[in-house]
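Nothing here was measured: the structure is a model prediction, and the numbers come from that model.
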Amino acid sequence: MIRMGILQVLKTQLLCHLIICYVFLVSGFIINLLQICTLPLWPINKQLARKINCRLGYSISSQLVALLEWWSGTECTLYTAPESYKLYGKENAIVVLNHNFEIDFMTGWTFCERFGVLGSSKVLAKKELSFVPVIGWMWYFLEIVFCKRQWEEDRKTVVQSLRNLRDYPENFWFLLHCEGTRFTEKKHKISMEVAEKKGLPKLKYHLLPRTKGFCVTVQNLRGTVTAVYDSTLNFRNNEMPTLLGVLNGKKYHADLYVRRIPLDTIPEDESECAAWLHKLYQEKDEFQEHYRQTGRFPGAITSPPHRPWALLNWLFWVCLLVYPLCMLLLQLLLSGSTFTVVCTSVFCLAVSVGMRWMIGQTEIDKGSNYGRDANKQQLKDCHPPGQQDHAIVRS
């Protein structure tokens with residue numbers, strides 16, 4: 001018990017956080033450089049280049065999974081049908097996630113890792129993220145679909161990016177946050193005002209889904225993807241986990257409810273597909289209400305087994321990068337030079353600032369400016385025009 005207490009205190013120390021961030025950033029830049037080196041291979045053997053980039057991307061994203069699973073000790077429980085469980089990781093799928101928590105992307109990646117598709121997992125991400133070092137640059141080489149959230153400009157680019165995935169050599173999950181931004185009370189109020197204007201059923205735990213991205217994804221991955229995984233995430237004891245909490249070694253317990261829905265049961269027509277998605281979110285709201293009332297989701301409980309590769313990858317980079325850093329810092333400090341001491345302090349400060357900036361990108365209050373012209377945008381995006389759609393949704 002004393003040993004565990006000391007370890008927990010150690011996890012909260014700034015020095016540990018600086019080391020974790022240093023390893024992540026430096027290893028990330030090294031991997032980004034290796035990814036650039038694969039560019040000449042693309043015109044020669046595109047599929048081989050893709051497979052190499054899957055492994056390189058895994059080496060970055062699995063560090064965050066290791067941080068959640070092994071450093072924080074966060075546990076993940078899956079609620080799903082046994083017959084669906086057998087197919088996870090063995091087929092291409094579109095994963096529809098709710099967007100309520102700062103670390104929901106880490107939790108999604110953890111389940112990707114448990115089923116062996118982390119390196120090849122895809123997302124529909126805002127264009128600004130492509131400029132974020134390490135993660136954004138990694139995503140570029142993984143053929144992530146980027147958009148500017150201006151659908152008239154995005155549609156052609158998104159369609160082409162999705163079609164490029166039709167011959168992807170690895171099984172992949174395409175992760176979608178259809179709400180477009182994280183849930184907050186302010187955003188929820190705005191979203192429900194839009195729902196009232198459009199005559200759509202109101203949601204209690206979600207924002208209105210933006211249907212266009214989902215519909216285009218389904219249309220262009222039909223024949224490549226075999227199912228949609230409707231995934232609803234919650235954390236026990238009403239906790240609101242943060243990346244800073246994970247970095248401090250705080251343990252959380254995630255519960256994820258997943259329904260496998262064959263893609264061929266989803267309407268091909270855009271307006272009918274949009275109505276189907278609205279109905280799906282009404283059901284997701286009911287699942288969240290069930291969780292709030294009972295403390296669990298419906299369905300059988302499983303705990304997908306840990307895989308050691310994320311931890312081994314993380315330890316590899318720690319061993320490779322921390323020892324030479326310590327030797328360098330020691331030599332600089334022993335030199336007695338004021339200049340080197342100042343440079344060392346500035347370096348540590350820069351790492352600390354970089355770490356805090358990257359953490360800030362995950363914070364809920366740093367999300368998109370949802371609400372700026374929100375009514376106008378949601379009236380365009382959450383549902384395609386047409387009076388027939390309203391009848392479909394109400395039914």
### Message
For a 4.5 angstrom cut-off between non-hydrogen side-chain atoms, does His306 reach Trp70?
### Response
yes
#### Entry: Derivation of the side-chain contact (heavy atoms from CB on, under 4.5 Å) call for Ser120 and Asn171
CA-CA 7 Å; Ser120 57; Asn171 285 333; 5.5 Å; no
### Task
Go through the steps to decide whether Trp276 and Thr211 satisfy the test side-chain hydrogen bond (donor to acceptor under 3.5 Å, both in side chains), and finish with yes or no.
CA-CA 9 Å; Trp276 182 92; Thr211 61; over 6 Å; no
### Query
Is a side-chain donor or acceptor of Asn53 paired with a backbone partner of Ala49 at a separation under 3.5 angstrom?
yes
### Task
Find the distance between CD1 (Ile36) and CD1 (Ile31) and round it off to the nearest 0.5 Å.
12.5 Å
### Task
Go through the steps to decide whether Met138 and Asn32 satisfy the test side-chain contact (heavy atoms from CB on, under 4.5 Å), and finish with yes or no.
CA-CA 6 Å; Met138 170 194 75; Asn32 286 159; 4.2 Å; yes
### Task
Run the salt-bridge test on Glu143 and Lys46 with the 4.0 Å N-O cut-off and return the result as yes or no.
no
### Query
Can you find a pair of side-chain heavy atoms, one from Phe172 and one from Ser121, that are under 4.5 Å apart?
no
### Under 3.5 Å donor-acceptor, Arg55 side chain and Lys51 backbone
yes
### Query
Are any non-hydrogen side-chain atoms of Leu97 and Leu176 less than 4.5 angstrom apart?
no
### Message
Could you check whether Thr224 and Asn92, counting side-chain N and O atoms only, form a donor-acceptor pair closer than 3.5 Å?
### Response
no
### Query
Between the side chains of Asn98 and Thr232, does any donor sit under 3.5 Å from an acceptor?
no
### Query
Taking the side chain from Gln63 and the backbone from Ser59, do they hold a donor-acceptor pair closer than 3.5 Å?
yes
### Task
Using the rule that two of Ile, Leu, Val, Met, Phe, Trp, Tyr join whenever any of their side-chain heavy atoms come within less than 4.5 Å, decide whether Phe105 and Val95 are in one cluster.
yes
### Task
May I ask you to decide if Leu203's main-chain N or O and His188's side chain share a donor-acceptor pair within less than 3.5 Å?
yes
### Query
Does a side-chain N-to-carboxylate-O contact under 4.0 Å join Asp255 and Arg296?
no
### Query
Are Glu193 and Lys197 within salt-bridge range, i.e. N to O under 4.0 Å?
no
### Summary
On a heavy-atom basis, the closest approach of Leu67 and Trp71 is O-CB, 3.2 Å
### Message
Within the structure provided, determine whether Trp314 and Leu64 are in side-chain contact (heavy-atom separation under 4.5 Å).
### Response
no
### Query
Thinking salt bridges, do Glu75 and Lys251 make one under a 4.0 Å N-O criterion?
yes
### Minimal non-hydrogen separation, Leu221 against Leu263, with atom names
O-CD2, 4.2 Å
### Query
Among the clusters formed by ILVMFWY side chains lying less than 4.5 Å apart, do Phe141 and Trp173 turn up in the same one?
no
### Task
Apply side-chain contact (heavy atoms from CB on, under 4.5 Å) to Leu175 and Ser231, showing your working.
CA-CA 10 Å; Leu175 280 61; Ser231 307; over 6 Å; no
#### Entry: Electrostatic pair Glu179:Lys187 at N-O distance under 4.0 angstrom
no
### Query
Hey, what do you get for CZ (Phe174) to CG (Leu124), rounding to the nearest 0.5 Å?
5.0 Å
### Query
Are the ring centres of Phe297 and Tyr257 closer than 6.0 Å?
yes
#### Entry: Pair Arg182-Glu102, salt bridge (charged side-chain N to carboxylate O under 4.0 Å, His left out): steps then yes or no
CA-CA 8 Å; Arg182 284 197 182 93; Glu102 288 184 11; over 6 Å; no
### Query
In terms of side-chain heavy atoms, does Glu286 have a donor or acceptor partner in Gln282 at a distance below 3.5 Å?
no
## Note on the structure
Rounded to the nearest 0.5 Å, the OG1 atom of Thr110 sits from the CD1 atom of Ile103 at a distance of 8.0 Å
### Query
Are the aromatic rings of Tyr85 and Phe115 close, with centres under 6.0 Å apart?
yes
### Message
Checking Leu78 against Ile301 for the side-chain contact (heavy atoms from CB on, under 4.5 Å) test, could you report, in this order, the C-alpha distance in whole Å, the side-chain angles of both residues, the deciding distance, and whether it holds?
### Response
CA-CA 6 Å; Leu78 178 65; Ile301 298 177; over 6 Å; no
## Note on the structure
Residues Tyr79 and Gly299: closest non-hydrogen pair is CD2-O, 3.9 Å
### Query
With ring centroids as reference points, do His206 and Phe183 lie under 6.0 angstrom apart?
no
### Message
Rounded to the nearest 0.5 Å, what separates atom CG in Leu48 from atom OG1 in Thr38?
### Response
9.5 Å
### Query
Between Arg50 and Glu170, does at least one N-O distance fall below 4.0 Å, as a salt bridge requires?
no
### Query
Which pair of heavy atoms, one from Pro209 and one from Leu277, lies closest together, and at what distance?
CB-CD2, 3.8 Å
### Summary
Distance col, row Met192:CE vs Leu208:CG, nearest 0.5 angstrom, shows 4.0 Å
### Query
Is the count of non-hydrogen atoms from other residues, nucleotides or ligands lying under 6.0 Å from Glu83 atom CD greater than 12?
yes
### Task
Quick one: closest heavy-atom pair of Pro201 and Ala195, and the distance?
O-CB, 4.4 Å
### Task
Output yes when Arg307 and Glu113 qualify as a salt bridge under the 4.0 Å nitrogen-oxygen rule, no when they do not.
yes
#### Entry: Heavy-atom closest contact (Ala254 atom, Thr107 atom, distance)
CB-CG2, 3.9 Å
### Message
Given 3.5 Å as the limit, does a donor-acceptor pair link the side chain of Ser62 with the main chain of Val65, or not?
### Response
no
### Query
Is there side-chain contact between Asp230 and Ile261, with at least one heavy-atom pair below 4.5 Å?
yes
### Query
Under a 4.5 Å side-chain heavy-atom rule over Ile, Leu, Val, Met, Phe, Trp and Tyr, are Val246 and Leu15 clustered together?
yes
### Query
Does the side chain of Glu268 reach to within under 4.5 Å of the side chain of Cys273, using non-hydrogen atoms?
no
### Query
Measuring from Asn220:CG to Leu165:CG, what's the distance to the nearest 0.5 Å?
10.0 Å
### Message
Starting from Phe287, can I reach Phe235 by hopping between I/L/V/M/F/W/Y residues whose side chains sit under 4.5 Å apart?
### Response
no
### Query
Taking side chain as C-beta onward, heavy atoms only, is Leu243 less than 4.5 Å from Met106?
yes
### Step-by-step side-chain hydrogen bond (donor to acceptor under 3.5 Å, both in side chains) determination, Glu69 to Thr74
CA-CA 5 Å; Glu69 286 192 328; Thr74 292; over 6 Å; no
### Asp285 versus Gln288, side-chain donor and acceptor atoms under 3.5 Å
no
### Query
Between Asn248 (side chain) and Val9 (backbone), is there a donor-acceptor pair under 3.5 Å?
no
### Message
Regarding Thr80 and Tyr88, do their side chains bring together a donor and an acceptor under 3.5 Å, going by distance alone?
### Response
yes
### Query
Under 3.5 Å, side chain of Lys189 to main-chain N/O of Thr184, donor-acceptor pair present?
no
### Message
Are Tyr168 and Tyr140 linked, directly or through intermediate hydrophobic residues, by side-chain heavy-atom contacts shorter than 4.5 Å (ILVMFWY only)?
### Response
no
### Main-chain N/O of Lys250 paired with Ser72 side-chain donor or acceptor, under 3.5 Å
yes
### Lys/Arg-Asp/Glu bridge criterion (N-O < 4.0 Å) met for Arg260, Glu91
yes
#### Entry: NZ or CZ of Lys284 within 45° of Tyr281 ring axis and under 6.0 Å
yes
